[in-house]
Amino acid sequence: MLNKLSLKWKIFTFLLGFSSLLLLVLWLFQTVFLSDMYKLIRKSEINKAVVLVEQNIDSPNLYNILKQLDEEKAIFVVPANEFTAPTNPMPDDKNRPRSETLTQVKEFVLQDGKTLSLTFHAMITPVNATITTLQMQLYLITVIMLLLSVLLALLISGRISRPIINLNNSAKLLAKGKYETHFSAKGFLEITELSDTLNLAANELSKVENLRRELMANISHDLRTPLALIYSYAEMMHDFPMEITPAQTQIIMDETKRLTSLVNDVLDVSQLQTGWVELNLQKYNVSNSIKETTNRMATLLKKDGYEIIFEYDKEIVINADEVKITQVFYNLLLNAINYSGDDKKVTIRQTVIDDYIKIEIIDSGDGIASEDLPYIWDRYYKVDKHHKRSVTGTGLGLSIVKKILDLHHAEYGVESTLGGGSNFWFKLKIA
Ligand code: ADP
């Protein structure tokens, strides 16, 4: 039930409960227990007086002490046989004030052996009048407390709930997809922190949203073009089966390959992104693996005039996930080929530095502007936002490379200048 109450009413309920408890305690002490407590206190005062008199029974100061007791404590002491205390004149009459004195008789032994019996009378001021006054006060206090509770509840809840309500309204906007929403709640530490956190979340969400939009634009473009090509060539072949040329089938095959690599990239990225990747570490000959990949690619692209060279002086064994490292190398090699210069030359160089093997993939293409360099490893980032038909890319290749090398705790980087070609490299520990 309490969960449904707004903050204002919740604070009010708590404050009201607290004041009621306080009032109850006050009321109990001021009215119910008052006369009993008062009597207790007077009794203990008589006891103290008895002790005081006992200590000074033979002192010449006794008279002064008795006088002081009378004046200060309203306790007067008389010989027992001289005074009869006015105890409860009419015990049955409930309306009459009750006993007005407490008495205690005590026998003292004097120095000369005689005994002296004294009666201590403690005056009890009528309690009833006091109780009426206190009750009146209590009613007043109750009203004041109630008013204060409402006022305080309104004040506190205003202070606390207003920023929360504001945040909530902004968060609702954020939930609707308005990522530019700004959270600026202030008032106390937690709310400022929450506000900052939400700003951060909104910022991240808007980044993801932008990337998503960009990816959708890129991918739909990248999907639509090959699909349209494949369809039109297939249609042509269907209409004129006698005129099918190898060039046509080649186009269909190329475009299918393009589609496959696009789909694979997207799958790889989402798989790596969700973090569900386990490295299958094992010792293998990385030089050999690179040589094979290079040779395969070189053979494939020879007819297009590409020259791909692998420079190495010894075979090195490393402890890594072969499939994933090959993918890293393959992505870098593909980029180097895609962005290579007019000489269509790509050099792969293997060097050994201390305990590490360094693989460099060097091309002599356009290179990358220094302002673009920090971003190329980001997902969907492409330097050239216009789609060049010849250069096919998803902007995912390098982010896959980065993720895999990060998983291997490997060092990697790029040296590139605009017009001066690029040198992408990574280092792995030799097993
Ligand atoms: P893409 O699929 O677009 O190649 P990548 O993540 O592999 O995506 O690369 C990101 C961007 O980095 C590319 O769009 C390209 O502009 C730039 N880039 C990557 N490799 C090279 C290179 N060897 N030479 C020049 N630019 C490169």
Side-chain angles (χ1 to χ4, degrees), residues 207 210-226 254-255 257-273 290 293-294 297-298 301 304 306-310 324-349 358-407 412-426:
K207 263 196 229 159
N210 282 343
L211 285 176
R212 192 187 64 83
R213 268 198 218 126
E214 213 169 294
L215 172 78
M216 289 316 280
N218 290 348
I219 288 193
S220 47
H221 178 280
D222 287 346
L223 285 176
R224 224 177 276 141
T225 327
D254 286 349
E255 294 303 314
K257 227 191 275 166
R258 229 164 82 76
L259 278 177
T260 313
S261 78
L262 178 74
V263 170
N264 282 343
D265 270 7
V266 173
L267 286 180
D268 280 345
V269 147
S270 55
Q271 194 205 11
L272 285 166
Q273 217 53 49
I290 287 177
T293 315
T294 310
M297 196 62 99
L301 295 175
D304 297 328
Y306 283 97
E307 187 188 357
I308 306 166
I309 314 159
F310 181 34
K324 295 218 160 50
I325 293 296
T326 307
Q327 193 182 357
V328 165
F329 174 67
Y330 185 81
N331 282 1
L332 292 177
L333 181 60
L334 225 56
N335 276 350
I337 293 166
N338 270 339
Y339 303 105
S340 67
D342 294 335
D343 61 356
K344 293 190 168 181
K345 187 175 169 186
V346 175
T347 309
I348 297 116
R349 187 180 298 144
K358 182 177 184 184
I359 305 288
E360 294 166 276
I361 298 101
I362 306 156
D363 68 70
S364 52
D366 289 342
I368 304 161
S370 55
E371 66 261 27
D372 288 319
L373 271 181
Y375 306 108
I376 54 167
W377 307 93
D378 290 348
R379 266 179 303 161
Y380 315 129
Y381 189 85
K382 296 185 188 186
V383 173
D384 184 10
K385 300 269 174 184
H386 314 290
H387 280 260
K388 273 196 249 156
R389 191 66 192 103
S390 58
V391 176
T392 63
T394 52
L396 296 174
L398 285 182
S399 82
I400 295 173
V401 168
K402 173 182 158 70
K403 189 82 194 175
I404 293 175
L405 289 176
D406 281 341
L407 279 173
Y412 55 91
V414 56
E415 275 111 47
S416 183
T417 45
L418 213 51
S422 312
N423 179 345
F424 281 83
W425 59 267
F426 59 92

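Hydrogens, waters and symmetry mates are skipped; everything else that's a heavy atom, side chains included, is used. Each ligand, and each atom within it, is numbered from 1 in the order the structure gives. This chain uses plain numbering: 1 for the first residue, then up along the sequence.
Between Lys324 and the choices Ile400, Leu405, Ile404, the side chain to side chain contact (heavy atoms under 4.5 Å, CB included) rule is met once, by Ile404.
With a 6.0 Å radius and a threshold of 12 heavy atoms from other residues, nucleotides or ligands, Tyr330 has its OH atom at or below the threshold. Crowding of Lys345 atom NZ: a count of heavy atoms from other residues, nucleotides or ligands under 6.0 Å not exceeding 12.
At least one heavy atom of Phe424 sits less than 4.0 Å from an atom of ligand 1. Residue contacts with ligand 1 include Ile368, since one of its heavy atoms falls under 4.0 Å from the ligand.
Remark: ligand 1 atoms within the under-4.0 Å shell around heavy atoms of Asp363 are 22 (C), 23 (N), 24 (N). Taking a cut-off of under 4.0 Å to the non-hydrogen atoms of Leu396, the atoms of ligand 1 that pass are 6 (O), 8 (O).
For Asn264, the side chain to side chain contact (heavy atoms under 4.5 Å, CB included) partners at least two apart in sequence or on another chain are Thr260.
Remark: ligand 1 and Tyr339 share an N or O pair separated by less than 3.5 Å (distance only, no angle test).
Judged by distance alone, with hydrogens and angles left aside, the side-chain atoms of Lys344 form a donor-acceptor pair with the main-chain N or O of Asp304 at under 3.5 Å.
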